[in-house]
Amino acid sequence: MKPEFAICPSLFAPASAQDGILSRLRIPGGILTTRQCEAISQLTDQFADRSVQITNRANIQIRGMQTCLDSETLNNLQKLGLASSIESVDAIRNIMSSPTAGIDRQQLFDPRPLVREWNDYLIAHPNLAVLSPKFSVCFDGGESVSVIDRPNDLGLSAEQIDREIYLRLYLSTGDRGDAPHDVGVSIAPAQVLAVLVALTEVYWDYTCKNSHLNSQAKSRKPRLRELLAAHGVEAYLHDVENLLTFPLMRSPKSLENPNKNSYKHLGVHAQAQMGYSYIGIVIPLGRLDSTQFRGLGNLAEQYGNGELRLTPWQNAIVPNIPNISLEIVQKGIENLGLSWSANHPYSSIVACSGITGCKSSATDTQAHAKSIALYLEQSLVIDRPINIHLSGCDRSCAQHQKSDIALLGVTVDGKEAYQIYVGEEIADVGSKFGRSLKLECSTESLPNLVAHMIEIYQSQRISNEQSFGEFANEFFNEMSIEALGKNVHA
Ligand code: SF4
């Protein structure tokens with residue numbers, strides 16, 4: 001019998017991609033054990049393309065499978081805690097938390113117990129399988145490596161009010177890919193689970209009542225933002241409050257957008273635990289071969305506490321390393337062919353699967369991202385991460401937020417090319433990639449053009465505080481980019 005494929009893949013319901021069957025493992029909080037790393041490495045060696053892909057939700061994807069996983073393999077993954085014990089809820093999106101939860105020197109609150117409790121709640125309630133598989137919850141403990149700006153349906157971020165810790169509620173009231181917004185509700189940690197349950201129940205009720213609206217697209221379930229757009233935040237909170245035995249505590253909304261992370265987790269960082277550090281590792285385009293993945297798990301076992309953490313920036317962290325062992329772990333990372341430097345060109349280059357993995361792609365984004373990284377490595381010393389995002393079409397699967405430089409794959413005269421976008425603040429109407437420079441660049445010229453732009457930024461910015469986006473807003477326009485060289489064709 002031909003298998004039925006899902007749009008949002010999970011282990012029990014994989015998707016079909018250009019390069020074979022694609023399966024996704026939910027990793028709550030992005031925390032893996034060495035044993036789980038070994039099991040994933042064996043899984044991809046046996047059934048897939050011997051590689052492991054870290055997603056922008058700190059999940060794991062394995063690609064290139066020729067057949068779906070058999071029930072014995074799935075059972076083994078359940079026993080190892082790599083698959084939900086209840087199949088139907090396995091597709092619900094991964095629970096996100098800061099990759100430095102519990103070890104970050106700035107954190108106000110350790111969200112890891114809440115991640116476990118919420119995961120247990122989801123597994124114990126198979127009726128929630130009717131929700132959109134994109135339903136997503138994020139816990140932010142006030143760490144320096146913040147995740148509250150990541151696109152999620154619900155966000156809870158630690159704050160201090162009169163010396164007490166609360167979790168502030170954020171909801172996805174914006175467009176697809178936007179960070180959730182502060183809705184002016186602060187929740188005591190002991191009440192968070194009850195509030196989350198009530199928020200989910202009201203959304204569940206809306207889903208059950210409105211699924212018929214999507215009968216033409218059977219697999220399309222309403223998103224939480226659709227409920228919020230239809231009824232408004234206050235009506236939603238009112239319905240939630242009706243399910244609670246206590247009132248929601250209102251507090252003034254913050255006018256500021258949540259912090260944008262700048263790849264702060266990469267490199268060596270002292271932990272809250274005296275004498276221990278973590279190392280953030282650059283994972284090129286989020287992909288490792290199984291030997292590298294197994295090797296990182298082994299380093300964590302030998303020198304850390306046996307934990308490998310995945311980040312929503314498609315990188316990884318080895319935590320809890322005694323400071324005395326830092327050098328040997330750094331060497332071990334290098335021996336695996338990886339870097340731990342935030343200034344490595346791969347630190348902040350992101351690309352979707354491109355033409356080899358997705359039929360919607362106009363370009364081979366993975367190959368072109370590698371060409372850019374190689375050229376930057378050979379031609380330039382980068383003094384801070386510059387976020388470069390290559391997308392094979394305007395769905396922007398690899399990264400929903402604006403980047404420093406966005407490269408959108410297009411076809412020009414039958415050839416692959418890229419449209420260039422820059423800047424964070426001034427967006428063209430309708431462009432989620434940033435400000436369009438209104439030209440296309442050939443794939444051959446792309447590495448040189450990107451290197452020129454970074455070189456100009458590094459040599460001409462007005463101060464070290466000026467971000468690439470701010471500089472680009474002032475400096476780069478259609479004319480200035482054309483003047484960068486004959487390599488660029490309009
Ligand atoms: S952004 Fe477009 S081309 Fe890239 S993986 Fe998503 S749908 Fe495919």
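Order of listing sets the numbers, starting from 1, for every ligand and every atom in it. Values below: all heavy atoms of this structure, side chains included; hydrogens, waters and symmetry mates excluded. All of these numbers come straight from a predicted model, not from anything done at the bench.
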Participant: Quick one: does ligand 1 sit under 4.0 Å from the side chain of A398, the backbone, both or neither, non-hydrogen atoms only?
Facilitator: neither
Participant: Taking 4.0 Å as the limit for heavy-atom contacts, which would you say applies to C393 with ligand 1: side chain only, backbone only, both, or neither?
Facilitator: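 The part of C393 near ligand 1 is both the backbone and the side chain.
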Participant: Tell me, with the steps shown, if R26 and D90 meet salt bridge (charged side-chain N to carboxylate O under 4.0 Å, His left out).
Facilitator: CA-CA 7 Å; R26 278 173 91 244; D90 196 68; 5.1 Å; no
Participant: Enumerate the atoms of ligand 1 whose separation from the nearest heavy atom of G392 is less than 4.0 angstrom.
Facilitator: 3 (S), 4 (Fe)
Participant: Relative to the heavy atoms of S396, which atoms of ligand 1 are at a distance of less than 4.0 Å?
Facilitator: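 Near S396, the atoms of ligand 1 are 1 (S).
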Participant: Please report whether the ring centroid of Y278 lies less than 6.0 Å from that of H269.
Facilitator: yes
Participant: Hey, are D120 and R116 close enough for a salt bridge, meaning a charged N less than 4.0 Å from a carboxylate O?
Facilitator: no
Participant: Starting from atom 4 (Fe) of ligand 1, what is the nearest protein heavy atom, named by residue and atom, and what distance separates them?
Facilitator: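 That would be C352 SG, 2.4 Å.
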Participant: Please determine if atom 4 (Fe) of ligand 1 has an N/O/S atom from C358 lying under 2.8 Å away.
Facilitator: no
Participant: Nearest protein heavy atom to atom 6 (Fe) of ligand 1, by residue and atom, and its distance?
Facilitator: C397 SG, 2.3 Å
Participant: Is it the case that the side chain of T44 and the backbone of I40 share a donor-acceptor pair, with hydrogens and angles ignored and the cut-off at 3.5 Å?
Facilitator: no
Participant: Decide, yes or no, whether a salt bridge links R150 with D178 under the criterion of side-chain N to carboxylate O below 4.0 Å.
Facilitator: no
Participant: Within the distance-only criterion (no hydrogens, no angle test), does the side chain of D104 pair as donor or acceptor with the backbone N or O of A101 below 3.5 angstrom?
Facilitator: no
Participant: Out of all atoms in ligand 1, which are within 4.0 Å of some heavy atom of S353? Include the element for each.
Facilitator: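 In order of number, 5 (S).
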Participant: With atoms numbered from 1 as shown, which atoms in ligand 1 lie under 4.0 angstrom from a non-hydrogen atom of S361?
Facilitator: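 Selected atoms, number and element: 3 (S).
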Participant: Taking 4.0 angstrom as the limit and counting only heavy atoms of S391, give me the atoms of ligand 1 inside it, by number and element.
Facilitator: 1 (S)
Participant: My understanding is that only one of Y421, F471, Y457 makes a ring-ring contact (aromatic ring centres under 6.0 Å, His included) with F476; could you say which?
Facilitator: F471
